[in-house]
Amino acid sequence: MRRGITDFLCAALPLLLLAVSGAAHAAEPRKVLILNSYHQGYKWTDDETRGVLSAIGHTKNVRVYVEYMGTKWSSDQAYFRQLRDIYQSKFRKIPFDVIVATDNDAFDFLRRYRDEVFGKLPAVFCGVNFFQMEDLAGHDLFTGLNETAEFKENIDLILRLHPGTKTIVFITDTSISGTKTHDLFVQAVPEYRGRLNFQLLEDVTMNDLLETVARLPDGSVVLHTFFFKDKAGRIFEYDEGIELISAASRVPVYGAWDFSLGHGIIGGYLTNGLDQGRGAGEMAARVLSGARVEDIPPVMKSPARLMFDQRQMDRWGIRRTDLPENSVVINAPPSFYAVNKGLVWGVGVGMAGLTLVVALLARLYRETQRAVRMRDEFLMVASHELRTPITSLRLSLQTLQRAERMSAKVGAELMSRSVGLAARQGERLNRLIDELLDVSRIEIGPLPLDLRDVELGAIVRDVVERFEGDLSRVGCPVAIQGDGAISGCWDRSRIDQVVTNLLSNAVKFGAGKPIEILFGEQAGTAWLTVRDHGIGIEQAQQARIFERFARVVSIQSYGGLGLGLYVSRRVVEAHGGRIRVDSQPGSGSSFTVEIPRAEPGGGERKE
Ligand code: ADP
């Protein structure tokens, strides 16, 4: 990882410098010095530098200089004085606009030598451990970010991921930073008194520490901060100590700084160099944009973020879904998508195509099924409808034949009843065949109309007269209420057919209750309503009844091919009009026809 960041910096810096200098033909670029306490390749420092660069990168016309003091290797007062002298010569000709100091040594160096070396110019710090406002007493033009650890957040996180925790084992060393970390941790403890025990592992040798963590009982969790130097004076790199501790520990190990991540901690709410650098870079960018450094107060709450290591999560059985939102996970296996991007897209596109084809096929299948179902229904209804009058007709004829064979004298009344019945059944057959023929005519092309001047009231009276026998048989009175002599240019027999259909339905579905036929005229359009008070039609079925073969009642209860309203609609439409229904189940139905009185399209009329 260290090499990766080093490579990134080596590649990115010249590019950045080039980019900013390229834009600087017009005005002299502003200049920023990043003064790092430590060396390039030290992860914490590399992260801070990356953070500063990413925040300043948005500012136009800036040139960034990056300097490393190397105080991990040498840090006595004589060395700092030498650095002062070197920087005085090295940066003599470079008038910086702002300096960003990362970590305590650079911060201390600037407090001491800034004015001498660089002049009194704005300085922004980050990574300064346990910063206090008093640290700036007597030092002008400084602002920056405190660096601490977030212990309350980390204890709460441990309790969330390990609800059975009884003891938290706290590890830090006895350096100045370790002592300050200890004080900070102790401040967080009282809130958990009674709920949690705390065990501090501080002034110990690494061997004792490893032996202790290897024997910790269940219900313990380790919270590790840093352990750079043990009681025996042994020094450990930031990654060495934690790797030993994590490997030896019987219980999960959490951390507080991100430099331990990837080296044995499960994770934590981690203080990190990138956010420190980014915060300082944002402050420097504000100074470059004209803000006064005195107006930018230091940030006391150290930025931190939730970070986890998948490898340690696997070791301790923590699932990704257990983590709080906004958690960053390192060492996560690449997702199936990332590994097989091409395959996923190929399969995705293929699946989408297939889904489309399947959906189309399913629709076709449904439509075919529906057509087959309608055909079967129609055949069943048609055979029933045709057979009924034929059977009845045959019975009437048999009665007459038998009477004739037996030379029996058939009474005049019986004779007239049988002949009347036969005539009615013949009539019914005729109507059914006409309906079927009409449907095939309509399917072939426009319905031919024989248009003449016709009077609507006369048609209504004719139809009702023809129905008199049926009406008196079912005992159903019909009231006609017409508005004067309304005439129009219509096909008389077709309008008669419409009124006949509507009245025959009203008789069939009217439950023997009174029927009203109303008609009139409005704005050149004749209207006619046939109203019954019978079974009515469900709202959801009302649009369907004007379709072919649409029947919404059972064939056992009511006859009919389900064609009458379809043919009526086509006849009315051929006249340029429309037909609609208004119905309530159980209260009855009103069918209204509206037809323009003039010839549709104003065409020539056949005489
Ligand atoms: P049918 O010849 O089978 O009556 P129609 O096309 O005339 O066919 O009617 C279609 C369907 O509409 C009928 O089967 C019936 O369910 C419903 N319907 C038509 N008129 C009425 C009415 N006045 N009251 C209740 N239902 C009706």
Side-chain angles (χ1 to χ4, degrees), residues 373-389 424-425 427-443 447 460 463-464 466-467 470-471 474 476-480 494-519 527-574 578-593:
R373 210 171 40 244
M374 281 179 74
R375 187 205 61 192
D376 291 350
E377 262 171 38
F378 171 71
L379 288 175
M380 191 189 79
V381 169
S383 62
H384 177 274
E385 281 298 281
L386 293 170
R387 200 173 289 133
T388 312
R424 274 204 305 283
Q425 298 309 331
E427 184 55 33
R428 190 171 158 193
L429 268 176
N430 201 30
R431 267 210 315 273
L432 288 172
I433 289 161
D434 273 353
E435 263 183 3
L436 286 170
L437 286 174
D438 275 345
V439 172
S440 42
R441 263 186 223 120
I442 288 168
E443 300 299 305
L447 198 65
V460 171
V463 175
V464 173
R466 273 206 313 278
F467 268 82
D470 291 339
L471 290 169
V474 289
C476 165
V478 173
I480 303 173
R494 289 294 182 190
I495 300 297
D496 183 299
Q497 187 183 8
V498 172
V499 180
T500 305
N501 275 332
L502 295 183
L503 185 56
S504 96
N505 281 345
V507 173
K508 191 159 54 167
F509 302 109
K513 297 190 183 145
I515 295 169
E516 292 108 47
I517 303 179
L518 317 160
F519 57 89
W527 59 266
L528 171 131
T529 298
V530 178
R531 185 190 298 150
D532 66 61
H533 302 276
I535 61 169
I537 307 160
E538 295 277 349
Q539 181 75 35
Q541 309 283 9
Q542 288 178 13
R544 210 165 76 79
I545 57 176
F546 296 101
E547 299 301 320
R548 262 185 325 170
F549 313 126
R551 307 177 75 263
V552 295
V553 286
S554 84
I555 186 72
Q556 281 75 25
S557 314
Y558 297 95
L561 292 174
L563 291 173
L565 287 177
Y566 170 68
V567 173
S568 299
R569 172 169 71 85
R570 298 300 294 254
V571 167
V572 171
E573 284 171 358
R578 60 189 192 126
I579 183 168
R580 62 193 153 83
V581 64
D582 181 13
S583 181
Q584 287 289 328
S587 314
S589 311
S590 285
F591 284 86
T592 299
V593 169

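Predicted model only: the values in this text are computed from it and were never measured. Start at 1 and go down the list; that is how both ligands and their atoms are numbered.
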Q: Does some non-hydrogen atom of Gly534 fall short of 4.0 Å from ligand 1?
A: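 It does not, in that no heavy atom of Gly534 comes within the 4.0 Å cut-off of ligand 1.
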
Q: Does any N/O atom on Phe509 come nearer than 3.5 Å to any N/O atom on ligand 1?
A: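 No.
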
Q: Would one find an N or O of Ala506, backbone or side chain, under 3.5 Å from an N or O of ligand 1?
A: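 No, there is no polar N/O contact under 3.5 Å.
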
Q: To check you understand the geometry: which heavy-atom pair defines the closest contact between Arg531 and Ser590, and what is its length?
A: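 Of all heavy-atom pairs spanning Arg531 and Ser590, the closest is CG-OG, 3.2 Å.
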
Q: Heavy-atom contact check, 4.0 Å cutoff: does Phe591 meet ligand 1?
A: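 The answer is yes: ligand 1 sits under 4.0 Å from a heavy atom of Phe591.
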
Q: In terms of atom number and element, which parts of ligand 1 are under 4.0 angstrom from non-hydrogen atoms of Ile545?
A: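 Within the 4.0 Å cut-off of Ile545, ligand 1 contributes 12 (O).
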
Q: For atom 19 (C) of ligand 1, state which one of Asp532, Ile515, Asn505 supplies the nearest heavy atom.
A: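 Residue with the shortest heavy-atom distance to the ligand atom: Asn505.
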
Q: Between Ile537 and ligand 1, which residue portion shows a heavy-atom distance shorter than 4.0 Å: side chain, backbone, both, or neither?
A: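 Contact part for Ile537 vs ligand 1: side chain (C-beta onward).
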
Q: Could you tell me, atom by atom, which parts of ligand 1 come under 4.0 Å of a heavy atom of Gly564?
A: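 Listed by number with element, the hits are 5 (P), 6 (O), 7 (O), 8 (O).
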
Q: Quick check: does any side chain N or O of Asp532 sit under 3.5 Å from a backbone N or O of Ser589, one acting as donor and the other as acceptor?
A: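 A pair under 3.5 Å: yes.
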
Q: Within a distance under 4.0 Å of any heavy atom of Leu563, pick out the atoms of ligand 1 and give their elements.
A: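 Near Leu563, the atoms of ligand 1 are 6 (O), 8 (O).
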
Q: So for Gln541, does at least one of its heavy atoms come nearer than 4.0 angstrom to any atom of ligand 1?
A: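 False for this residue.
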
Q: Check whether any N or O atom of Ile535, backbone or side chain, sits under 3.5 Å from an N or O atom of ligand 1, and answer yes or no.
A: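 There is no such contact.
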
Q: Heavy atom of Asn501 under 4.0 Å from ligand 1?
A: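 Contact absent.
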
Q: Which heavy atom of Phe591 sits nearest a heavy atom of Ile537, and at what distance?
A: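 Shortest heavy-atom separation between Phe591 and Ile537 comes out as CZ-CD1, 3.9 Å.
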
Q: Identify, by atom number and element, the atoms of ligand 1 in contact range of Lys508, meaning under 4.0 Å from any of its heavy atoms.
A: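 Those of ligand 1 that fall under 4.0 Å from Lys508 are 1 (P), 2 (O), 4 (O).
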
Q: So do Leu503 and Arg466 actually touch side chain to side chain, heavy atoms under 4.5 Å?
A: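 In short, these two side chains do not touch, never coming nearer than 4.5 Å.
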
